[in-house]
Amino acid sequence: MMENKRNRNQGSGQSSWFTWNSVFWMIVLLLLFNGIFYPFFGKEEVRDADYITFLQDVQKGKVKKVLIKDDVVYFTMDEKVKQQSLLGSNTKKAQPKYITKEVTYKTVEVNDPQLVDRLLKAKSPTKSGRIEFSKTLPQKNSPLMDFFLWWVLPALIFYGIWQYGARRMMKSNAGMGGFLSLGNSGAKIYAENDVKTTFADVAGQDEAKDTLKEIVDFLHNPRKYTRLGAKLPKGALLVGPPGTGKTLIARAVAGEAGVPFFSISGSEFVQMFVGMGAAKVRDLFQQAQKKAPCIIFIDEIDAIGKSRDQAMGNDEREQTLNQLLTEMDGFDAAKGLVILAATNRPESLDKALLRPGRFDRRIIMELPDLEGRKAILKVHLKDVKHGDIDLDAVGRATAGSSGADIANIVNEAALRAVRLGKNQVDTEDLEESVETVIAGEQKKGAIIAPEEKRIISYHEIGHAMVAACQTHSAPVQKITIVPRTSGALGYTMQVDEGEKHLMSKQEMLNRIATLTGGRAAEEVMCHTCTTGASNDIEKATQLARAMITTYGMSDNYGMMQLEQQSNRYLGGRSSLVCSEQTAHDIDKEVRDIIAQAHEKAVKIITAHAKEMDEAASILLKKETITGDEFMQVLSGHQHA
C-alpha cells in the first residue's frame, strides 16, 4: 500500500509539472508567433516616398489624410489604377478599365516648422475640402506589462530551461542510481557481495595488511574491543608512491569485512560553483551512515585536503575541506563507519586533517623489498600459464619496481610468449620483459654504422670493466648493444646479489666511477668522446650532488643540510637551502668528485686494454653477452 501511494504521488507530481510546462511553452510560442507574423498580417500596403514628393502632392491638393507617428509621415491619396479584363475566351484584345484606389505612402519626418500651416492652407479631395491630419504620441507600456516583459517572462524562460535540463539529467542518471545529479556525492557504491578482493590478492605489503586487519576484526567483532573501552579508528591514511596498491588494499579491507564500499576520488568533490563540493561531502556521509557498517575510500585526497596556509586560496576547495572535517568529527565510529584515504603527497595535506580523531593512523606503503617482489610475482603469475620460474633472479632484476610495475612485467612476458608461439611463460620471458619495461622494445630494424657500433661496444664494456675491477660494486648481469625504443643504443645491467637498504660513501664513489667508465673507454680505446654518455653524466652529477647536500658526505660541510626535498613519493624535487657562495662551492665539489671518479676509470681501462679489446670483439659479434661470459674473459687474462 505504501508503494502504491508513493507511485500515485509521483504520478501527480509529473502531471503537475507537465501542466505548467505546457502553459509555459504555449506562452513562448504565442509571443514568437506574434513577433514573427504580425508585420505581415493585418496592415494595409504602404509605399515609400520622399519628403519633396509629399509636399508637392499637398500643394496639388491630392492628399486626403496625414498621420505623423514615430517620426514617420503617413499620407493617403486617391490614385487611378489601370486594370485589364477578358470578356470571353474569343476576345483577342483586353478591355482597359480604370478604377480609383486609396493608396498610403510614408516618408521620414523632417524638421519643418511650416508643415502645419501648409496642411491648413492646402486643399483636399475630401468632402470638407481640407486635409485631415493628426499626430500620435509614443505609447508607453503599463507598469504591469513592463514587469511581465522584463522580469516574469525571462524568469519563466530560465525556469523552463532549468526544468528541461534537470529532467534530462535525471533520465540520464536513472540507470546509475542517480548519484551523479546535482548535490549528490557521485561515489561508486559497491555492495558487500560485489567486492571480491581480499588480502590474499595483496602481496608485498605485510605491515600494511597487519595494521588494517585490526580494523577488519573490529568490524566483525566490535564487542571484543569495546569491552575494554577501545574505539575504532575513524580514519586511516594510505601513503606511498604510485602503484604500491593503495586502492587495492582499500578494496581488500571492504572485501574481508564484508561491508558496503564507497569509492570516490578527491577531484570529484571539486566543482565550479562554491558550495557544491560541500554538498557532495554531506550527501556522501548521509548515505554511508544509512548503510553503516561500511567503508568510505577517498582516493587522491590531496585534491581537496591541501593545506589552507598556502598563498593561493580556493573558496570551493576550502569549503569542501571544512565540511569534510566537520563530518569526520560528527559521525560515531562505534557504528562501524571507517574512512580510508590515499595520497602520494602527505606533506601537502592540512594539519587539521591529520590530527588524531580524524585520520588516526598513517599507513606507509613503500616500494616492496626482494621478498615482497617475489610474493607479488606469485600473485600475478596465478593468472598466467607458466613453467618453472626463477623468482629470485626476476625479483632481483626488478629492484625499485612497484606492484603495478611487476603486474605490467608479467603481462609483457605473457604477450612475448604468445608472440614466440610458446605454450607457457618462462624465466627468459620475464627477464626480457623487465628490460622492455625499463628500456623499451628492441629496435631490430635499426641500422648503425660499423664505427659507431664499435664505439658503443667499447662504451658498454667500459662500464662493465670499471664495475668488475672495483670492490663493493654490484655484479654485471648483462651487456648489450641492441638499440631500444627509449633511445638507448646499449646498456650494462648490474644486479645486486641481495637486498640493500644502505649505501656507503665508498659504494657511491664506485658507482660514479662506473658511470664514467663509458666515456673513459671512448677516450682511451677509441680516442674520441660522443654524446652517448649524456645519461651517465646526468646520473653521476645527481649522485655526487646528493652525497654533498643530502647525505652529509662532504669534507667541507659535513652533516649540514644544504638541500630540501619535497614530493619524495612522486620522484622528488630538490631545492637548495644555502647561500649563493655555498652553492658555488657545492658545484665545485661535485665537479671534483666526478673528475676523480673519471680519472680512476681511465686508469682501470688503461690497465685492462687487452681484456677490453677481446670483450668488445665478442660483444660486436654476439650483440648481447651475459655477465658470466664477460667475467670469463677477464679471469682468463688474469690467469694468463
Side-chain angles (χ1 to χ4, degrees), residues 239-241 307 309-311 343-349 351 354 362 364 366-367 369 399-400 462-463 465-474 492 494 496 498-523 529 531-605:
V239 178
S307 175
D309 295 335
Q310 296 178 357
T343 183
N344 308 122
R345 300 185 293 175
E347 68 279 355
S348 67
L349 296 180
K351 301 301 182 185
L354 302 177
R362 176 181 292 197
I364 307 299
E366 295 285 359
L367 295 173
D369 56 12
H463 286 308
M465 185 62 69
V466 175
C469 293
Q470 295 183 116
T471 57
H472 307 292
S473 182
T492 301
Q494 293 178 256
D496 286 304
E499 191 73 15
K500 293 186 67 66
H501 300 283
L502 296 175
M503 201 171 185
S504 66
K505 180 178 180 180
Q506 188 59 45
E507 289 174 336
M508 298 181 77
L509 292 174
N510 290 346
R511 178 60 181 160
I512 296 173
T514 302
L515 289 169
T516 62
R519 171 61 65 85
E522 292 177 1
E523 295 172 346
C529 61
T531 58
S534 60
N535 186 251
D536 301 331
I537 295 171
E538 179 184 357
K539 291 182 178 179
T541 305
Q542 290 176 353
L543 193 55
R545 182 174 293 275
M547 289 177 62
I548 300 168
T549 60
T550 305
Y551 302 128
M553 297 180 181
S554 169
D555 295 333
N556 296 329
Y557 296 102
M559 296 177 58
M560 177 179 177
Q561 183 187 18
L562 303 172
E563 199 170 51
Q564 205 169 33
Q565 285 193 345
S566 58
N567 292 341
R568 70 185 187 96
Y569 292 124
L570 295 175
R573 185 177 58 195
S574 302
S575 57
L576 289 174
V577 286
C578 59
S579 65
E580 293 183 3
Q581 181 60 42
T582 303
H584 178 270
D585 295 339
I586 291 171
D587 292 337
K588 184 179 179 182
E589 195 165 349
V590 169
R591 184 189 62 189
D592 293 340
I593 290 174
I594 297 175
Q596 292 172 9
H598 179 257
E599 184 179 353
K600 179 181 180 181
V602 169
K603 290 180 179 179
I604 292 174
I605 291 171

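Side chains are part of it too, since the values below use all heavy atoms of this structure and drop only hydrogens, waters and symmetry mates.
Distance check: D369 CG to H501 NE2 gives 6.0 Å after rounding to the nearest 0.5 Å.
The side-chain heavy atoms of T582 and L562, taken from C-beta on, include a pair separated by under 4.5 Å. Between L509 and M547 the shortest side-chain heavy-atom distance falls below 4.5 Å. Side-chain contact check for H472 versus S504: every heavy-atom pair is 4.5 Å or farther apart. E563 has its side chain out of reach of I586: every pair of non-hydrogen atoms, C-beta onward, lies at least 4.5 Å apart. Counting only heavy atoms from C-beta outward, the side chains of S554 and M560 never approach each other to under 4.5 Å. The closest side-chain heavy-atom distance from H584 to Q581 is below 4.5 Å. Two residues are said to be in side-chain contact when any heavy atoms from C-beta on lie closer than 4.5 Å; Y557 and E589 meet this criterion. Side-chain contact check for D587 versus R545: some heavy-atom pair is nearer than 4.5 Å.
Of all heavy-atom pairs spanning G517 and I605, the tightest one is O-CD1, 3.4 Å. Between T514 and S473, the closest heavy-atom pair is OG1-OG, 4.3 Å.
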Name the atoms and distances for all side-chain donor-acceptor pairs under 3.5 Å in residues 591-604, with sequence neighbours left out.
from: H598; atom 1: NE2; to: E523; atom 2: OE1; distance (Å): 3.0
from: K600; atom 1: NZ; to: Q470; atom 2: OE1; distance (Å): 2.9
from: K600; atom 1: NZ; to: N510; atom 2: OD1; distance (Å): 3.0

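Partners of E347 under the salt bridge (Lys or Arg N to Asp or Glu O under 4.0 Å) rule, at least two apart in sequence or in another chain, do not exist in this structure. Every side-chain hydrogen bond (donor to acceptor under 3.5 Å, both in side chains) that D536 has, sequence neighbours left out, goes to H459, H463.
With respect to the salt-bridge test (charged N to carboxylate O, under 4.0 angstrom), the residues D496 and R511 do not qualify.
Distance alone, capped at 3.5 Å, is enough to place a donor-acceptor pair between the N344 side chain and the G240 backbone.
Within 6.0 Å of atom NZ in K539, 12 or fewer heavy atoms from other residues, nucleotides or ligands are found, so the atom counts as exposed in its surroundings.
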